[in-house]
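Just so it is clear, the model here is predicted, and its values are computed rather than measured. Keep in mind that the numbers below use all heavy atoms, side chains included, and drop hydrogens, waters and symmetry copies. Each ligand, and each atom within it, is numbered from 1 in the order the structure gives.
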Amino acid sequence: MTTTAFITHRDCWLHDMGTFHPECSDRLAAINDRLIAAGLDLYLSFYDAPEATPEQIRRVHPESYLNELTSSVPEHGIRHLDPDTAMSPGTMKAALRSAGAGVLATDLVLKGEIENAFCAVRPPGHHAERSKAMGFCFLNNIAIAARHAVDAHGLERVAIVDFDVHHGNGTEDAFRDDPRVLMVSIFQHPFYPYSGADCTAPNMVNVPIPAGTRGDAFRQIVTDTWMPALRAHKPQMIFISAGFDAHYEDDMGSIGLVESDYVWVTQQVKAVAEECGHKNVVSILEGGYSLSSLARSVVAHIKALADL
Ligand SMILES: [Zn+2]
């Protein structure tokens, strides 16, 4: 029986921030190729992501922001919102599918149709604040999914695990001081977006790490800080902001994680879910820009999700 869903949509390839931009559709192509080369496609349930609805998005982003985004889409070419974040004619189609993937994953898991899910989507989301696109992100996919679990399914406690090399400032913006949502994260510091190290909200367990940190230190931090916080929160569902730019081979950051570290942390997250009496895990792609290490890490992560 397949227990892990793979959710994506061809529209996620339409978003284009210009030639040589690292956040490009080749990332999804590399993941697809590696998935097939690994023979993993035989073991997964594939779903097309729906578009997130305005109601689902408004739980995180105000309507004025959504309107502003929609009206910023260029008819041709590329329009920059900041030096590294730009829109093309297909950007909103991709962004709506990316947010919708997390919503569908949440529905599938909570209805018991699957045990867990990986959403292979772009643009990523964890830098998108309530009213601000930045850092390659427009809609905060993980925040929209987590709010869907709380608001549409009535969950009282969820957790977000973020192992992207960058701080998920947008997710923190969405949930700071919301006791229903625990966020645990590591991120290279000091580093873009230069936030997170000074947050004192009790539901934000942020662990800044210096450039050069390797897997053994990462595992110790997870064991010492994330795990006690997760166990104390007793989440009814766990979301993973799965960025793979902390990989040793990824030049976007300077952290030294490898595939076995991603397998290990995925198993830790699954173990917490099982301690809490369920298997509800939804993982959504964030960063990861070295195509080879991104694809290998995603395959390793999905294998761990699927117990393969
Ligand atoms: Zn990142």
So which of the N, O or S atoms of [X] lies nearest the Zn ion (ligand 1)?
| X | result |
| --- | --- |
| H166 | ND1 |
| D245 | OD2 |
| D164 | OD1 |

Checklist entry - So among T266, T3, T4, N280, which one has a side chain to side chain donor-acceptor pair (under 3.5 Å) with N116? => result T4
Next on the checklist: Please check this pair: side chain of D245 against backbone of V165, looking for a donor-acceptor N/O pair closer than 3.5 Å.
Outcome noted: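 Yes, the answer is positive, given that a donor and an acceptor are paired below the 3.5 Å cut-off.
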Checklist entry - Measuring from S72:OG to M87:CE, what's the distance to the nearest 0.5 Å? => result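 It is 6.0 Å, given to the nearest 0.5 Å.
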Item to check | Minimum side-chain heavy-atom gap F239-V281 below 4.5 Å | outcome: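 Not touching, per the 4.5 Å side-chain cut-off.
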